[in-house]
Each structure stands twice: as structure tokens, then as C-alpha cells.
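Just so it is clear: chains get the letters A, B, ... in the order the sequence lines come, proteins before strands, and each one is counted from 1. Please read all numbers here as calculations on a predicted model, not as lab measurements.
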Amino acid sequence: MSERAEGIGNEGFLIDADSALNAQNEAEIRLFVRIGNKIETFYDAGLKPYFYAIANGSAEETRKKLLAESFGEQQAKILNAENVEKENAENALKLEFKNTNDLTAAREELASFPSIKERREFDIPFARRYLLDRQLKPMGAVEFSFNEKDGKKFVGEIKSADSGELPKFRIGSFDLETYTEGGHFSDAKQDPIIMASYADSEEAIVFTTGKHSHNEKDVIHCASEEEMIAALVNKLNEKNLDVIVTYNGDGFDFPYLKERAQKYGIKLNLGADGSEPSIKRHGMDNAVRIHGRQHLDAYALVRLLSRFADLNLVKYDIESVVAQLFGEHKEKVHYTEINEMWRSGKDFGKLIDYCREDSKAALRIACEYLPLCIELCFLARQTLHDVSRSSSGNIVESLLIGESFLTNRLIPNRPADEIVEQRIMQSFVGGYVKEPIAGLHENLAVLDFRSLYPTVIISHNISPETLNCAHSDCREKNSAPSNNWFCVKEEGFFGSILKRVLKQRMELRAEMKKHEKGSPSYMQLHAKQYALKIVLNSFYGYLAYARSRYYSRECAAAVTSWCRSYVQDVGKKAEGDGFVVIYNDTDSEFLKIPENKTKKDVENFVEKVNSELPGNMQLEIEGFYTRGIFVTKRGAGEQEAAKKRYALIDGSGRLKIVGFEYVRRDWAVIAKKTQKEVIEAVLKEGNPQKAIEIVKERIAWLRSGSVPKEELVTFTQIKKPLKSYEAIGPHTAAAQKAIKRGKQLDVGSIIGYIITRAGKSISEKAELEEFVKQGDYDADYYITNQLLPAVIKIISEFGYTKEDLLQGGKQQTLSGWG
DNA sequence: TAATTCGCTAGACCGA
DNA sequence: TCGGTCTAGCGAA
């Protein structure tokens, strides 16, 4: 065995990192690095698992005492204990261990050790600890040296190398089709896999045991399920992928494949180290990890992205996602149809295409968001596997953890359950929302504060350690309306992070403008700035989040109190300048530009406001609108104007519809479409009479009984186990009935239902769309409970009543408008 | 495993 | 048949 040394000059991309035990039972980090066409494994034994203990009294005495202790059944020892200086703690000891088992044993016992006040950073997974301490970015370039010893390569020095461009990662996806009997969901214990597809940038092939057709292009016929599984595994391994993509591989494809492979004794050696995928519980779901590579479950990713708000989906099935993202129609084959196609051989080609398209679609979704995910890997210093299954809170937390590390601070612990509960009990006041002036308004300017919450945090130096400092001048100069004040003498922890993130994002956005829209460099810049946007948008939420390590109710309440005061102050200034404030919501000013004023006056006003705002707070012009409509509330309090629902139209005829049924998934399509057309008629053409005609026409259509199902579906999410519902509404009733018919519905499923004619109450009439025959719908329900409520408040702003919509010729009752 | 508060509306159910 | 109270879901920011 030769031993050789290399310079730091080795380069590659860090695909995965995990921890393992070596033959001496010592913890080692395994690094999987893409070098050329290979993923190579390196080891690092240079970092020991550790955590911190804060001593009650003298750290030195405690240190000696601890070194003499042994912990747990294995009599674990502390390898090394060191006195360390930390910015935010005294008497801190760094305790190192041989492996994570020893660490775990010690941390349990030290919880109730008299001379130890607190334990810190004891729940950071070791691989993550390593990435943090070595400042490495998963999916990023690394530069390193290594030595070979006993056939294992040990890294010496390793560091993140900033390569300008993202490499071409090897990425491929697969998908399975399974046999389904009698309309039931497949069970891996008995139902075979009948088809599998694989797709990457070069090919898209289908494996099948089907005998019905031959000679299709890129179809591989296998003699048995066993042979097919082996062929799929071979294909995946031959490709040596960095990223394996699935659509719900966590919940379905991998567990299913594993079970079937087991049946035949096929080894699912998909890991870069030849290991099998490991299935772990991840909350209510599974997460499937492939060692040495990354498993990107596009379904998990889509769910994550939809929480970042920009991706708003009615349903999460792959067809809906493709339609929403790429505007393309993908044929859906229902699992009951798969069974039929399989047995009869009729439309077998369609089944093959469906299977192939599934893989292609999953791959496409993954590729679309891979740049963003990689940026999140960089920000959070977590693997693609982890970030793609994480949350906005987790990403912000990672950033704060990273900053704590860099500034030599101890990371705060996760709060105990009792504390979480206390925090939840103590809520606080949020943003200010002004009751709008209802009616049709012309000539509007909408202003908003750029990144309001972050800029308030920065400008007022809001942070836990600057809170209520001892200086009287800080108290005088920098008191929040919520009555706390913040030190102005030194930059706070929160502010320093946000300042950097905000600055970086602005630079990226400026740089973006220099690149051709849609070009690779543009897309990469876009992903970078978008990742930062996610952080900026969720930062405040994280510090107000009860389970946050960095929770501060005082800081959160100070942020909102300042924001309320700014938005109201600017409103007063606008009124003082002769504008009419129509509406405010948190960070926005809706101004009516009076006859004697112009856009230029608005610009001047904004400039004046900005010259008076502190720090990097900034008011911006969101847009000018020729018309806008605000409506009154429904039900009780009819005269009051409704907040959070309005519609605007700009000079180019572009509509902006906010809060109305049109943007909600839990309304019937026909009601939403009609509402949009009514808004359009009223705003674009100023023609309420036309709106009336549209509604009348839809009523007649509904009455005719010929409205197709797609127009009548309402989507709602099952948010908890069906048993735990106290109130059974239409969606719960429809779900219950569907389950009785053998449909599988889990928490989180989004169901589409229709109100049929059969039954008394609305709930009784509700049925899942797939069980409803064309034409079986309750026209009265759709007219009275969907169509009319969606349009009446808009039309009534013009003096019309419900009767004008329902009756034949009757015209307006007239009350002044326009 | 989990970001926040503010706000609107529906449908079930109850009692007058 | 009405209004009030409750649960529930979803959207705005």
C-alpha cells in the first residue's frame, strides 16, 4: 500500500457528507466529492464530535472533574475538555468525544450535573457540525489535500473554493407504475411494479414487463418484474448520478421499490458507496436518503416552495404542477385506468407515454429549481437532501447558526416544550390594516416600503443583545412604540446579518440587469437573489416563532410597532399633501391622486418621505393604476369595507386581483372565472351593465344543467386526520364518503369536490369529483352559494342588487356612481 | 416536523 | 327564517 501526499490543489464538488464509525470505533466524516466522472469518497478524522458546557462556578475545576467522569453503559470518557472564550457566555467548556454515541451518553448525564449550568450545541448532527466548522458548502466547489492510508483517502486541508459557475451536475429521474386491483391503492406486499421509467438530459426510457406491444422506441421489454428492477438499478448505477430525482419518491417510489427488490433478493445498491437507500421518518412522512448522492424529491420540494408563496398551487399532483410551472398540459392516467390498460392491452402505448412523461416532468421540475436549491445549500450549509425537505424557519435558523459560529457566539438551545407553550400564549400585535374606502376609485398610486421588516430591524438595530441597553441616550433616541429601546452604539447581531443579506441581494439584482434575461448567468444570479429573498421574508417570522432558538418577543413586537407607526405616519403626510389614503396593509399606501396632482407629485412625495426615513428604510412606488375597486363585507356588518380584497387595473389593462374568491382555491371554478370577468368589465370598460349580462348568462348556463365538472370543482385540503374534525363540512363529508369507496386520502391531500343533487345539506351533497357523473350538480347551490356571492359585492358598488341578476329584464335601481 | 399576525367567508348548529 | 356562535380554510402582508 503506497502512501502519497498531494498538494491542496485537488478540486471537486462536494455532493454529500455523513458521519461513520471506523474500525477503532472513532467518528469519521465521509465526504463524497464529484471529480470528473467519478464520485470519490474521502475521510476526515480531524474533527471530534463536541458540545459545550457552561460551568456554574469555576470552569477549570469543572473541567478537571468532568475529565475524571465516565458516562452511560459504555463508560464513555471525555477525550478533551477545553476552556473557551465566547462572546455571549462565560465559563464555557468545549467537550470533545471519540464518537457521537459517547457524546450522546455524556450529554444525557450532564443535563443534571450539579456543577453544570447549561449544555449548548449538543443537538447539532455531526456531519452538519463538520460542514459548519470547516465552512464547507454542499454542492459547491471544494479544494483539498489528501493522504492515502490503508486504502482510505484522508483529507488534510479542505476549504470551500468559490467557483464562479455551477457545474453540470449529473441528474436523472425515475418513476414507477404499479398494478392496482379494483380501484385500490397498490400494496407493495402483493402488487407488482409493471413499468418503470428513467429520464435524464440525454434519454427517456421505459422498462416494462408488459407483453401487449412491441418495437416502441426507447422501450425495454423485460421478462419479469425481477429483471425489470435489476435493469432499472443498473441504469441508475451506470449513470453514476449526483442527483436522483423522483416525484414523491420519499412516500412512494423508494419504499415500494425497496420492498419489491427485497422480495427478489435484489440489492438496491444505489448509493455512491454501494449502500441501499435509507428510509427515515421525517415528521409524518418518510425521507429517503441515498448515501453519497442526493435524492431530490420534487414533490417535497414543490411543497416547500409553495410555502415561500411565489409558487401558488391548487393541487400538488405532477400534472397540476407542470401546468402551473410550464403552462403545459400533461395527460393524467388515473390509477384505476392503469389496471385496465395493463390487462386489456388497450391504449398500452398511452400507458408507456404516461410513465415516461412522469420521469421527464419530475426531472424538469427539479432542474427548474436546482439552482435555487443549491443556493440554499450554500446559505444553510446543508445538503441538498436536507434543504429540499426543510422549511423557511430552518433556513433562517441555519443562517443565524452560521453567524453565531463566525462571531464566536454559542448557539442558543431549542426551547423546551413548556417554554414553547408560554411563548404561544403570549402573542403580540402585528401589522396595521386600514379599513379601505369602499367603491370605485380612479387614478391610484400604490406605494410600499421595500423589505419593511428587515429594514426596520437594521435601521433601529433591533436584536436581543441590544434590547433595553443601559444608555439613556439610546433610550431617548431609539425607543419603539412598543416601549422597548435598542442600543445604537454597536451593530446588533440580527442587523448585521440582514444588512449583509439585503446589500448582497441588491447587488445581485443590479448585476442581473446586465445579463440577458433567461441566459444561464442570469438564471444563476436570479436563483442567488431569490434565496436571499426567502431569508429576508422569513427572518422576522422566525424570530417570532415559538420554537425558534433565536426567539425574541420583544424584538418582534418592536418591529411591528415601528412598522405600524411608519405606515400611519406616511399616510398622514400623504393626506397633508392633498392625497387621499384609500387603504393601508402593513407596508403599503394606496393613494388617490386628486385632479390637481400628477404622477410627478407622487414621486416628489416619495422622495420627501425617503429623505426623512432612517437608515436603509425606503418607500417605493409599486405602481400607478387607472382604476381600483374596494368592496363592502358580506354577512354581518354589510356597510363596513372589506380589508385584504381589492382589484386594480393599470394603464396597460393589466388586472391585479387580491384576496377575492378568484385567487382562492376553495371556490368553484365557474364562480372564480365569472368574478374575474365581472371585475374586468367594471375596471377595464367601466361597464357594469356588461357585467350583469355575463352573470345572467352564467346563471342560465348553470340552470341548463350542462356545465361540465371542471367548472364546478372546489379544492380544499384535508388538514388533519378525519376523525379529529369537530365540524363536518362539505370537504370532510366528501372525503369520508370517498374513503368508504376505497380511496386513499391522507393528511395534506387536496381534494376536489362537487355539490351534487343527492342529499339534504350541502355536506350530504358533496362528493369527490371523480365519483360524480357529468351533469349531476345542484344548480341552485352553484348560483346562490358560489356565483352570486362572488360577484354581488362588486356589482352592488354600482347600485345593482341580487334581483337585477336573477330577474329577466329589470334594470338598475340607481344610486350614484362614477 | 413546525415562520408571524390580520382578516374574510362558509357552513353547521342553536335558539328565538 | 333570522342572527349569533363556533369550527375551518385560505389568503395578504
Side-chain angles (χ1 to χ4, degrees), chain A residues 280-287 300 303-304 306-309 312 314 389-397 414-415 420 423-424 427-436 448-449 451-453 534-548 550-551 553 555-557 559-560 563-564 567 583-588 622 631-637 640-646 656-667 714-720 724-733 747-748 750 755 760-766 781 784-786 789-790 793:
Chain A
K280 281 219 179 90
R281 295 302 292 173
H282 190 256
M284 305 257 289
D285 313 306
N286 291 329
R303 302 207 66 144
L304 168 70
S306 70
R307 289 203 292 272
F308 295 156
N312 192 9
V314 224
R389 290 165 182 79
S390 83
S391 62
S392 41
N394 178 274
I395 289 160
V396 174
E397 181 184 77
R414 284 210 180 91
V420 170
R423 289 176 177 178
I424 289 169
S427 68
F428 53 90
V429 187
Y432 166 71
V433 189
K434 178 187 156 73
E435 185 188 332
D448 57 22
F449 287 90
S451 296
L452 179 62
Y453 285 15
I534 289 170
V535 167
L536 287 172
N537 285 346
S538 12
F539 195 95
Y540 156 82
Y542 177 70
L543 75 95
Y545 166 51
R547 305 203 97 99
S548 167
Y550 295 83
Y551 179 86
R553 180 177 171 274
C555 290
V559 173
T560 57
C563 292
R564 289 193 301 275
V567 89
Y583 179 56
N584 299 108
D585 187 348
T586 311
D587 65 350
S588 61
E622 191 271 336
V631 298
T632 52
K633 287 207 262 194
R634 280 185 56 76
E640 242 177 288
K643 300 167 176 178
K644 297 190 187 281
R645 17 175 67 208
Y646 57 85
K656 185 174 178 183
I657 301 177
V658 177
F660 277 115
E661 286 75 6
Y662 175 69
V663 300
R664 299 180 63 99
R665 68 167 167 223
D666 57 349
W667 278 75
T714 297
F715 293 102
T716 314
Q717 192 177 18
I718 308 282
K719 301 197 69 140
K720 49 186 185 180
S724 50
Y725 277 89
E726 279 178 48
I728 305 300
H731 82 289
T732 13
V747 174
I750 294 172
I755 304 303
K760 281 181 78 182
S761 70
I762 295 167
S763 290
E764 278 177 45
K765 293 177 179 193
Y781 168 83
T784 321
N785 297 36
Q786 292 282 332
K793 301 308 294 187

Q.
Using a 4.0 Å heavy-atom cut-off, does V396(A) contact any base of the nucleic acid, only the sugar-phosphate backbone, or nothing at all?
A. nothing

Q | Terminal axis angle for the helix from dT4(B)-dA13(C) to dA16(B)-dT1(C), five pairs an end, nearest 10 degrees | A | 10°

Q) Taking the side chain of D587(A) as heavy atoms from C-beta outward, which of dG7(B), dA13(C), dT9(B) is closest to it? A) dA13(C)

(Q) Counting neighbours of OH on Y662(A) that are heavy atoms of other residues, nucleotides or ligands and sit closer than 6.0 Å, is the number greater than 12? (A) no

Q. Is T784(A) reaching over with its side chain to a backbone N or O of Y781(A), donor-acceptor style, under 3.5 angstrom?
A. no

Q) Rounding to a whole Å, what distance do you find between R564(A):CZ and dC6(B):P? A) 8 Å

Q. Y583(A) side chain to K644(A) main-chain N or O, any donor-acceptor pair under 3.5 Å?
A. yes

Q.
Heavy atoms only, 4.0 Å cut-off, all strands: where does K643(A) land among base, sugar-phosphate and nothing?
A. sugar-phosphate

**Q.** dA10(B) phosphate, OP1 or OP2, under 4.0 Å from R664(A) side-chain N/O
**A.** no

Q: Please work out if T716(A) contacts a base, only the sugar-phosphate, or nothing of the nucleic acid, heavy-atom cut-off 4.0 Å.
A: sugar-phosphate

Q: Rounded to the nearest angstrom, tell me the gap between atom CG in N584(A) and atom P in dA13(C).
A: 12 Å

Q: Report the residue (A641(A) or G393(A)) whose heavy-atom-nearest nucleotide on DNA chain B is the more 5′ of the two.
A: G393(A)

Q) What distance separates K793(A) NZ from E661(A) CD, expressed to the nearest 0.5 Å? A) 11.0 Å

Q. Looking only at side-chain N and O atoms, does S761(A) come under 4.0 Å of OP1 or OP2 in dG11(B)?
A. no

Q: Indicate whether OP1 or OP2 belonging to dT5(B) is found under 4.0 Å from a side-chain N or O atom of Y453(A).
A: no

Q: Answer with base, sugar-phosphate or nothing: what part of the nucleic acid does G635(A) contact at a heavy-atom distance below 4.0 Å?
A: nothing

Q | Side-chain (R547(A)) to main-chain (P415(A)) donor-acceptor, under 3.5 angstrom | A | no

Q) Just to confirm, is there a sub-4.0 Å distance from OP1 or OP2 of dA3(B) to any side-chain nitrogen or oxygen of N537(A)? A) no

Q: Could you check whether L452(A) gets within reach of a base, just the sugar-phosphate, or nothing at all, counting any heavy atom under 4.0 Å?
A: nothing

Can you tabulate the close N/O pairs, meaning under 3.5 Å, that link protein atoms to atoms of nucleotides 14-16 of chain B?
none

Q.
Can you tell me how the ring of F428(A) sits relative to the ring of Y540(A), calling it parallel under 30°, perpendicular over 60° and tilted otherwise?
A. perpendicular

Q) Choosing from dG11(B), dA12(C), dT9(B), which nucleotide comes nearest the side chain of I762(A)? A) dG11(B)

Q) Is G431(A) touching bases, backbone alone, or none of the nucleic acid, heavy atoms closer than 4.0 Å? A) sugar-phosphate

Q. With respect to the side chain of V658(A), which nucleotide from dA12(C), dA12(B), dT1(B) is positioned closest?
A. dA12(C)

(Q) Quick one: does any side-chain atom of S548(A) pair with a main-chain N or O of L543(A) as donor and acceptor, under 3.5 Å? (A) no

Q: Please answer whether the main-chain N or O of N394(A) pairs with a side-chain N or O of S391(A) as donor and acceptor at a distance below 3.5 Å.
A: yes

Q: State whether Y646(A) places a side-chain N or O below 4.0 Å from either non-bridging phosphate oxygen (OP1 or OP2) of dG11(C).
A: no

Q. Can you check side chain to side chain contact (heavy atoms under 4.5 Å, CB included) on E435(A) and E640(A), steps first, answer last?
A. CA-CA 8 Å; E435(A) 185 188 332; E640(A) 242 177 288; 3.8 Å; yes

Q: Any chance you could measure S390(A), atom OG, to R307(A), atom CZ, to the nearest 0.5 Å?
A: 8.0 Å

Q: Would you classify D448(A) as touching base, sugar-phosphate or nothing, given that sugar-phosphate means primed atoms plus P, OP1 and OP2, and contacts are heavy atoms under 4.0 Å?
A: nothing

Q | N/O donor-acceptor pair under 3.5 Å between R665(A) side chain and N312(A) backbone | A | no

(Q) I need the OH-P distance between Y662(A) and dA12(C), as an integer number of Å. (A) 12 Å

Q | D585(A)/K643(A) ion pair, N-O < 4.0 Å | A | no

Q | Short side-chain N/O contact from K644(A) to OP1 or OP2 of dC8(B), under 4.0 Å | A | no

Q: Identify whether any heavy atom of T560(A) sits under 4.0 Å from a base atom; if not, whether one sits that close to sugar-phosphate; answer base, sugar-phosphate or nothing.
A: nothing

Q. With a non-hydrogen cut-off below 4.0 angstrom, is Y781(A) in contact with a base, only sugar-phosphate, or nothing?
A. sugar-phosphate

Q. Nearest to the side chain of K633(A), which nucleotide is it out of dA2(B), dC6(B), dC8(B)?
A. dC8(B)

Within the sub-3.5 Å range, which N or O atoms of nucleotides 4-8 of chain C have a protein N or O partner, and how far apart are they?
{"residue": "dA8(C)", "atom": "OP1", "partner": "K720(A)", "partner atom": "NZ", "Å": "3.1"}
{"residue": "dA8(C)", "atom": "OP1", "partner": "E726(A)", "partner atom": "N", "Å": "2.8"}
{"residue": "dA8(C)", "atom": "OP2", "partner": "K720(A)", "partner atom": "NZ", "Å": "2.9"}

Q) Counting N and O atoms only, with roles assigned by atom type, does the side chain of Q717(A) sit under 3.5 Å from a partner on the main chain of G748(A), one being a donor and the other an acceptor? A) yes

Q) When we call it a touch if two heavy atoms are under 4.0 Å apart, what does S427(A) touch: a base, just sugar-phosphate, or nothing? A) sugar-phosphate

Q) In whole Å, what is the span from the CZ atom of R634(A) to the C1' atom of dG7(B)? A) 16 Å

Q. Starting at CZ of R303(A) and ending at P of dT1(B), how long is that distance when rounded to a whole Å?
A. 16 Å

Q) To the nearest angstrom, how far is R307(A) atom CZ from dA13(C) atom C1'? A) 18 Å

Q. When all nucleic acid strands are considered with a 4.0 Å heavy-atom cut-off, which category describes S390(A): base, sugar-phosphate, or nothing?
A. sugar-phosphate

Q: Without swapping roles, check the side chain of T716(A) against the backbone of D666(A) for a donor-acceptor pair under 3.5 Å.
A: no

**Q.** Whole-Å distance separating the CD atom of E661(A) from the P atom of dT9(B)
**A.** 7 Å

Q: Check every strand shown and say whether R547(A) touches a base, only sugar-phosphate, or nothing at a heavy-atom separation below 4.0 Å.
A: base

Q: Take V420(A) and Y551(A) through the side chain to side chain contact (heavy atoms under 4.5 Å, CB included) test and state the conclusion after the steps.
A: CA-CA 10 Å; V420(A) 170; Y551(A) 179 86; over 6 Å; no

Q | Gap between atoms CD1 and P, on I534(A) and dA13(C) respectively (whole Å) | A | 19 Å

Q: Remember a base hit wins even if backbone is also touched, and classify F428(A) as base, sugar-phosphate or nothing at under 4.0 Å, heavy atoms.
A: sugar-phosphate

